[in-house]
Each structure stands twice: as C-alpha cells, then as structure tokens.
Amino acid sequence: MISVLLADDQSLVRSGLRMLIDSADDMTTVGEVDNGRDAVAAVRAGQIDVVLMDIRMPVMDGIEATRQITALGV
C-alpha cells in the first residue's frame, strides 16, 4: 500500500485529492497538512511514500519544504 501525505492550504483541494487517492486499491491518504513546515514534520514523524505538495502555502512554501524533505534522505 502506498501511503500519501497531502500538503495544500486549501481544504477543498485536499478533500478532492483524498477521495481520489482513497478510492484506489493500492493507495491510502495517511495525513493532511496546510503548510510546508507541517509537511516536513509529518515526513520526519511517519512512514510516508509520496507527498503531494502545493507550491504556494503559508508558513513555508512547497519548494522549501521539498528541499528539506529531500535533504532528510528518507
């Protein structure tokens, strides 16, 4: 099973993506966050295979969050 984290500041977008992901037989949404800082923290804290990341978010944008996540080497 592929575990997916949704990172987007718009709850409607996260909700739609969750419906699509959770309807697949081989994927499940394991978390939702609304900013990049929380996305980095979630990856550090849990077993996540894929992050669907928005680029424009408050606190920390998706580009910086992706840099930090890839630097973790997980």
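What you see is a predicted model; the values in this text were computed from it and never measured. What you see below is based on every heavy atom in this structure, not just the backbone, and it leaves out hydrogens, waters and symmetry mates.
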Identify the two heavy atoms, one from [X] and one from [Y], that lie closest to each other, and give their separation to 0.1 Å.
X	Y	result
Asp9	Pro58	CB-CD, 3.6 Å
Arg14	Asp34	NH1-CB, 3.7 Å
Val59	Arg37	CG1-NH1, 3.5 Å

Margin query: Whether the side chain of Ser3 engages the backbone of Gln47 through a donor-acceptor N/O pair (distance < 3.5 Å, no angle test) should be reported.
Written below: yes
Check: Between the main-chain N or O of Thr66 and the side-chain N or O of Thr70, is there a donor-acceptor pair closer than 3.5 Å?
Finding: yes
Item checked: Side chain to side chain, Val51 and Val43, heavy atoms closer than 4.5 Å -> yes
Next item on the list: With sequence neighbours excluded, tell me which residues meet salt bridge (Lys or Arg N to Asp or Glu O under 4.0 Å) with Asp61.
Entry: none
Margin query: I'd like to check the salt bridge (Lys or Arg N to Asp or Glu O under 4.0 Å) partners of Arg67; sequence neighbours left out, ordered by chain and number.
Written below: Glu64
Margin query: If you apply the rule side chain to side chain contact (heavy atoms under 4.5 Å, CB included), what do you find for Gln68 with Met60, and how did you get there?
Written below: CA-CA 11 Å; Gln68 291 187 23; Met60 179 187 298; 3.4 Å; yes
Got a sec, which hydrophobics cluster with [X], joining ILVMFWY side chains under 4.5 Å apart, including via others?
X	result
Leu52	Ile2, Val4, Leu6, Val13, Leu17, Ile21, Met27, Val50
Ile63	Ile55
Met1	none

Check: Does any pair with a residue in residues 48-59 pass salt bridge (Lys or Arg N to Asp or Glu O under 4.0 Å), and if so which ones, sequence neighbours excluded?
Finding: none
Checklist line | Neighbour count above 12 (heavy atom, 6.0 Å) for Asp26 CG | finding: yes
Check: Under 4.5 Å between side-chain heavy atoms, hopping through other hydrophobics if needed: is there a path connecting Val33 to Leu72?
Finding: yes
